[in-house]
Amino acid sequence: MLKPGLLRSLSFGLLLAAWLQPLAQGQMPEYQVKAVFLYNFSQFVHWPDSAFAEEDAPFVIGILGRDPFGSYLRETISGETINNHALVVRHFQTPEEANASQILFIGESDKDRMREILGKLKHEHVLTVSDMEGFGQMGGTIELAREKNKIRLKINQEAAKNKQMDISPKLLRLAEIVSTENSNQR
Amino acid sequence: MNQIQEPIQHKITRAILITSTIVLLLTGLTYLVFEFITFRESTVERMSVLGEVIANNSTAALAFESPEEAYEILSALRAQEYIVAAALFDEHGGLFSKFPATLDSTFLPTEPNKTGYFFRDRYLHGYQPVVLGEKRIGTLYLNYDTRILSRQFRFFGLVALSVFIFSLMLAYVLSSQLQKKISRPIVALADVASSISRRKDYSVRGVKQSEDEIGLLTDAFNQMLAQIEQQNLALQESEKRFRTLADNIAQLAWITDKTGYITWFNKRWFDYTGTTPAAMDKYGWRNVHHPDHKERVVEGYKRAMREGYIWEDTFPLRSSDGNYRWFLTRAVPIHDEQGSIIHWFGTNTDITELLEAEKRLQEASDNLTLATEASRLGWGTWDFRTGEAQWDERARQILGLSQTAATTSDGWLSYVHPEDREFIRQHVEDCIASRQSFDMEYRITNEHGEIRFIHATGAFEVAPDGTPIKGTGLVRDITEQKQAEEALRKSEEYYKTMTDNTPVMTWISQPDALCTYLNKQWYEYTGQTPETGLGFGWLGAIHPDDAGMTEKVLLKATDEQAPFSLEFRLKDREGNYRWHIDTGFPKFDEQGVFEGFIGSVIDIHERKIAEERLRESEEFSRTLLESSPDCVAALDLTGMLLSINPQGLIMLEIDSFEKYYKQSWFDVWMDEHQQEAYKALDNARNGKIGHFQGVAQTFKGASKWLDVLIAPVHGAGGEVERLVAVSRDISKLKELEQQKDDFIGIASHELKTPVTSIKAYTQVLHNRFEQSEDQLSADMLMKMDTQLDKLTKLITDLLDVTKIEQGRLQFRMEEFDFNELINDVVEDIQRTADRHQVVQKLVKNPKVVGDRDRIGQVITNFLTNAIKYSPKANKVVVSTSINSRNELVVSVQDFGLGLSEEEKVKVFERFYRVGDPGYETYPGLGLGLFISTGIVHRHNGRIWVESEKGVGSTFSFSLPLG
């Protein structure tokens, strides 16, 4: 039989291990978290049927401009499907090309022509996502804003309505709702 | 009467209360048990619904890592007081959010990645997966404290208890009011019943209060009371009647209680004994008993009372005047319905007069009983005028009469067999009319239904006017005697039936030889009738040639009183005669007096005819044997003489065979032929025909050549039973043969000398012609010389044959080299044989002892034959070998004509020449192989040939070595 002292130190070790684990995960690289978010959006947003060219067309997560995800996004969606649509990642250079995606991440590299891009995609069934500050107010659908050590969602519901997309209230509850600001500011 | 222990009102109330209590308890318990069983299920169900809702709401919080939102959602559980802990874990099992916030983390599971709801201790642990799309992104953990349940149950229990108590109180109040409707009339009825039983007043009646079953009960009760009242009256009446009766009967009577205590005596008892009821109390009745009997009576009485059987005794009782009179006493137990004794009823009957009469009667009849007892006769007498009868005990037994039947004169008649009644009546009438005594036999059927035979004798007393007055008779059972007679009669009848139905004819004669009986078969066979057959008439059916003899034999046998047997021809009804055998045995009675014959006649025709034929056949054979010119002798298997035919007796010069019966047949033969005789006999013994020729010495010393055939005689079973030797005298033939041989011997010997001279002169002449160069003459002489050689050879052969036949062939035995001999012979042969090559295949250095020239003669013979008979071949082979018997085997093989099977045997015989096509062109006397055989045999060798027709022959002989 074990001595009480030994037993106590043993259980303490176990507790420590259990506490350290989530901490390690909490320090996941930023773009790994964002890749998961991109994928998760597909679960909380409803696209109209016309968003897909064909019934078995893939669900495209597009990246416009520079790709900040590295391999994280591919790892995240590898082998996943959404409502029988296989998930794929595609890279686009122009908003016209990006029209073929269901979720479109617009990197900081396109910061300057953001308004133009958003303007072109305003009525398309493309969920626009970006971590550029002020993206939501600019007319982007979801902005991944940084708040302390965490990512905070900002959702422009008006932009979503323009694209005929429904965003789940569950998601809305988590997010800060923003609206499009006057574009003439600049 | 039993006190009422518990009033009926209480019983009814209690019944209702018990019923209500049980129903309430059962209902409550069932519900509780059901609740308890379904609680877990319903709890899990409730919790899983809740879990699913919260898990569903938590998806976004988990997906987008918002613990604040998650806590918000979990906080909704605040309203559920039984949820003591809740937590969300991410997909890796890391704690994401918990509620309440102050909850100690040790309270939460360390491995939350489970699914389902589990009871542990008093908590229900729920693990609800949080699924996004098809992916599990985390787990909701819920902890439910089941202690809340016990609180619920406690409350339920309180409510149930109060309902229970209230219901019972209500039930009590209601039942105590309602039961009165039922119990009141019953109580009233019970009161009436109890008052009746107390006062024995059956006139009281119950009051009917309602028209239900209780009303009916009251009516029935009242009716019953009326009946009891009536019966009570009847009983009192009956008892009064009984007492009057009992007081006035002739017997003394009394009644006891169940213990045997006498509770009542009738008036006659008191009158007779002159006692009072008071004096009879406490077993006072003992005082009226005679001192000599009292002890026995009391003993018997007590035992009867104790054991419960009917008591009977005869004893004296004292009367009021002090005298004792005899009473037959009988006490009978009286049982109640259950079979136990409640009273004894006893009577005492005065039998003093009866006893005295009986005594007198006994004395009178004793004498007669004694007389009849001794003779086993039954005695009876009957009065024709009164119709009364009297039979003694034995007669009643014999006739099987019942008491009543024995008292009337006609009583016994009903036991008599119906067929005999008329005859008895007739006989009795006749006897009465003639005033003679009667004597008759008749059958009666006794009580067992068995028929017995009775012999009755006796006489009648008849009035002068002829009317019968009285009859007296004796009866005797004669059944056994009758049965014996019947058995005898039946056995005689049986015998007669049997003989009448056997195929054998039988007859019986008297001591004077007259026939008194012939059975049915005789009459049927002969067609005679008893009128024509009995006496001596039966002789008429016998063949006239046999009749005289038959009569003579029968008379003689009768005279001598001895058994006889004879055969005769008996005529059947168609007139054909068949042979029969008649056998008679004398018959004597028990005293040994001759009573005649009893005999049987049996058909033996077939047998007789067969015998006749056999006799004829034997006679034929005998005639044949006797007339045969040969000696025919019968021998047993060991060769002993059994018989010889007359010709044989002459041949062997036997005067009287009797001397030679069972003498050995072998003694007949000369020593040198005995061996052959044994061999021939052996053959015959084994079922073959033995044959040999030999010289027999007649019993008078003369010698005779006989040719003998011995044949087996088979018995009925197929085995050889005896032998027949048929010998023919061939002495004459042998003599002639001898003369011929002698002649040839002498002739050839005589021829040899001149031929040798001629040969010598021929050679001289040949030389002279050659010298004078007369070549033609020389050539002619050369041919002549060749012919002379042939002649010389012929003469030599004939001489050899003669010598062999006479056993006079001389040998010069020496050891020599066999191969050298063969070389010499082959060289000689090769000189004259230009076509054939003699091939030699020889073993090395065989040394043989024998006559070199004679053996050379054999080889020459083999080789010349081989060359002569294979004209188309170009070689013959001579070979030697040594066989397993250490014999030298010499073979000469040719490739010529060959021999048939038949010829192979004959070729070694004297003067035999193969007569087949192809052989006729070869000259010769056929003596060569015969001579060779003689030579080889004299060397103790064997000679044989193997051959196939058209292929060639191999002639071989063997010589023993060393």
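Computed from a predicted structure; not experimentally measured. Proteins come first, then strands; the chains are lettered A, B, ... in the order of their sequence lines, and each starts at number 1.
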Among A:K150, A:R152, A:K170, A:E80, residue most engaged with chain B (heavy-atom pairs, under 4.5 Å):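 Max contact count across the listed options: A:K170.
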
Under 4.5 Å from a heavy atom of chain B, the part of A:F44 involved: side chain

A:I82, part contacting chain B, at a heavy-atom distance under 4.5 Å: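 For A:I82, there is no contact with chain B at all, as no heavy atom is under 4.5 Å.
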
B:S58 versus chain A, the contacting section by heavy-atom distance below 4.5 Å: neither

I'd like to check [X] versus [Y] (side-chain heavy atoms, cut-off strictly below 4.5 Å). Are they in contact?
| X | Y | result |
| --- | --- | --- |
| A:F135 | A:L118 | yes |
| B:M47 | B:L142 | yes |
| A:T141 | A:N156 | no |

Distance-only donor-acceptor check, side chains A:D131 and A:Y31, under 3.5 Å: yes

Leading residue by heavy atom contact count with chain A [cutoff under 4.5 Å; candidates B:I137, B:N57, B:N56]: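 Top option by heavy-atom pairs under 4.5 Å: B:N56.
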
Charged N-O contact under 4.0 Å between B:E72 and A:R173: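 The answer is no: the pair does not qualify as a salt bridge.
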
